[in-house]
2 protein chains.
Amino acid sequence: MQQRSLLSNGSRPTGNFRNTAYMINKSRPYFDAAHAAGLMAVQGRSTTGRTVVLGTGPLDSRPEVIDFVRCSYLGLDNHPLIVAGAIEAIEAHQSLHWSCARTRLNFDLLAELEQTLSEMFCARVIACSTVMLANLGVMPLLASGQLTGGRKPVVVFDRIAHISLAYHKPVVADETRVETIEHNDMEALERLCREHPVVAYVCDGVYSMGGNSPIKELRRLQERYGLFLYIDDAHGISLFGRQGEGFARSQFPEVLGDRTIIIASLAKGFGASGGMVMLGTADQEALFRRYSIPYAFSVAPNLAAVGAALGSCKIHCSAELSERQKRLAQQIKVFDHRIATVERGNPFPIRMIPIGSEAEAIAVAKELIDAGFYTSVTFFPTVAQGKAGIRVCITADHEESDIERLCDCILEKLPDATAKPHMPSAPALR
Amino acid sequence: MQQRSLLSNGSRPTGNFRNTAYMINKSRPYFDAAHAAGLMAVQGRSTTGRTVVLGTGPLDSRPEVIDFVRCSYLGLDNHPLIVAGAIEAIEAHQSLHWSCARTRLNFDLLAELEQTLSEMFCARVIACSTVMLANLGVMPLLASGQLTGGRKPVVVFDRIAHISLAYHKPVVADETRVETIEHNDMEALERLCREHPVVAYVCDGVYSMGGNSPIKELRRLQERYGLFLYIDDAHGISLFGRQGEGFARSQFPEVLGDRTIIIASLAKGFGASGGMVMLGTADQEALFRRYSIPYAFSVAPNLAAVGAALGSCKIHCSAELSERQKRLAQQIKVFDHRIATVERGNPFPIRMIPIGSEAEAIAVAKELIDAGFYTSVTFFPTVAQGKAGIRVCITADHEESDIERLCDCILEKLPDATAKPHMPSAPALR
């Protein structure tokens, strides 16, 4: 009886990829402690620069902190052109959002944004409501082989690829073989390229917890073996390149070609809201615009996001972009001059201060917020157990004096973090 | 050598759930034809009511259609209070969006929205940037057993549960057993409840292609067997209930309890942008606010979405809501009086006109748009092969005369679709 009405995909757990219960049970005490310390579930409002007024209620009665949590690396998230772009778009359309599949009906302004981004980044750009949905949209297409000439690739993930990529491993594994290699292990990747006719590699451009992918080496493997590259450069967009094409895109030729997809944020460095997919061919674009699940069944970026992104495009096409890029590089130097990190000397705005013990990292972050500096305490599952630390996001909008004062506070708690003058810097781009 | 550096989760494809290549290859000709007919990838701008100006360029040179594609069932998506709410929020904060984990930093206005929604819907409501991400956030928690007292449930999906739910089957199946039952097959569900100590059922409240879940019967199974219910009511929100609590929520007791999660849209009937999760307990809320992946790693609703939703809350708490609900019911009757569908007589705004042949459905939709009515032609993979048709979304904002003229056009092409006076209506709520 039962077999008749149950469909064929009843299954025992495969257990290859996730153990949510273990993760929750292991991390619960860290979350409890971080909440008790006032480091998580914080509410607030930005005022000027990187200042955030904490809590709710009347603004003048609330404590202020300097925020080193937000990833608005160029300080654009309260830029007047972006704010004005958002408002103008809503006013012009007298709507914020349409509930309909993008396969059917799209705001004309969204077409204008995609055209502008495509020209800026020399790619076929599709704007999405979030980076996570951009990734969700491409992953099944990649698994299907439709992006690799009809042949299913072995899909290889970097072990620390962002959860918005790694989440999809079981979905990809339902259609093709999935492998996970150690972080930036180019030898393992090359072996897989030699052993399998079609390989796709999934990685971050700039990693959210520090560091980057070796793009030049990946391009070598692409040229030698035809490796398909899928790079989520959410944290690298806008920070590099004449028009802010970002860490990954700026290291590829003008024509992106048919074996590279770059995902980027319209928030973070870009300063607006949402994500984007950079594609190289008309076939890829047609596939995405028909079969990307979020494109067909979920929301487009709302008009405020579209207008804000158009505002940011104006900044990206002006001299202000390179001024902000330079200012960011300068602020990173200020930090690196004082504090030793693995990331020291690299051109990215993310610095991880290793502490080890979760309890100690939470205590340090608490002392920092009490001193007026809001940083991200990082612990399992974001990083490995026993590898807790403090993440600092430096932006072009921080005052040099704020960074110096933050460094003073860090060194007061962690004197061993002092940068020694003779300490070797990380190579600029690995 | 290779085994050393590859991690343990290298895998052969499991092949239980997805066959993207098959889906693409089968549906390609339908997509080609629908694009050629100008029915897909349409751009436009709304003007007043349900009128949309198609194309790009100067507004006065572009053709107009009456839109029956958008799911703004109460006609709220260009309501002045919602538009004003979006603009006010951006102006007050001089920001649109912050790039940071919601586990860390949140706009104070978002806390206000969640408080308001929680009071309106008698639940712990968490706002999300999209419904798809709300679902992505809960699915691994459901699979882990953390929502069912630490015991992993057998997770049962309705066969036509929305793709934003069905997508996650391989992810859930990595952690626990997954079953798929025929649409609304309560006998099969009850058998599973008898056979397994912990069962969770995943379904839509109102289905996007017509029809609904039998909530009363599901509640009976919940009371009898402790069945956990996960209901995506994206299409049912706002249409029912004194404050628009929607199809699913309005059929549960005031206290939601620890075995029901309802997902809803902040767009569609609600008229703003984004999604929401309705939870029943503090433990569930703490779990979601720590471990939901999009909550921790992806974007919050942007401030325009938050402000728009607050605007919509005002409408939901005023007499205007029930006026719009009544007007929608009236417009549905106008349609049902003329056109025979399976959905005839049910209180939902989605009507499917069955045609069968994909080519014929596309031809009919093309004649309709040429006559000034934009409807959704539906074909595989949205519906089964050979079951193509036309979807009509009726809203409170349509003019009765527009619906009558649409029906005239439909009957001109499909005279068999005439509603016979003696034809039985669908039961109001199955």
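A note on names: the letters A, B, ... follow the listed sequences, proteins ahead of strands, and every chain is numbered from 1.
By the side-chain contact (heavy atoms from CB on, under 4.5 Å) test, A:C393 is found to be paired with A:C71, A:Y73, A:R391, residues two or more places apart in sequence or in another chain being considered. Applying the side-chain hydrogen bond (donor to acceptor under 3.5 Å, both in side chains) criterion to A:T103, with sequence neighbours excluded, gives no partner residue.
Minimum heavy-atom separation, A:P13 to B:R177: CD-N, 3.9 Å. Annotation for A:N16 and B:D174: closest pair N-OD1, 2.7 Å, computed over non-hydrogen atoms. Between B:H93 and A:S46, the closest heavy-atom pair is O-OG, 4.1 Å.
Proximity of a side-chain donor or acceptor of A:R104 to a complementary backbone N or O of B:V377 within less than 3.5 Å is detected. Checked by atom type and distance alone, the side chain of A:R45 never pairs as donor or acceptor with a backbone atom of B:L109 at under 3.5 Å.
Between chain A and the options B:Y374, B:Y291, B:F157, B:F297, the largest number of non-hydrogen pairs under 4.5 Å is found for B:Y291. Counting heavy-atom pairs closer than 4.5 Å to chain B, the top residue among A:A308, A:G44, A:P140 is A:G44.
Of the two parts of B:A296, neither the backbone nor the side chain holds a non-hydrogen atom closer than 4.5 Å to a non-hydrogen atom of chain A. Contact annotation for B:Y22: neither backbone nor side-chain heavy atoms come within less than 4.5 Å of a heavy atom of chain A. Neither the backbone nor the side chain of B:L303 comes within less than 4.5 Å of any heavy atom in chain A. For A:E175, the parts lying under 4.5 angstrom from a heavy atom of chain B are both the backbone and the side chain. With a 4.5 angstrom heavy-atom cutoff, B:D32 touches chain A via backbone and side-chain atoms both.
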**Request:** Decide side chain to side chain contact (heavy atoms under 4.5 Å, CB included) for B:V52 and A:W98; before the verdict, give the C-alpha distance in whole Å, the side-chain angles of both, and the deciding distance to 0.1 Å.
**Result:** CA-CA 11 Å; B:V52 170; A:W98 281 350; 4.2 Å; yes
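Between B:R62 and A:D108, at least one side-chain nitrogen of the basic residue sits less than 4.0 Å from a carboxylate oxygen of the acidic one, meeting the salt-bridge criterion.
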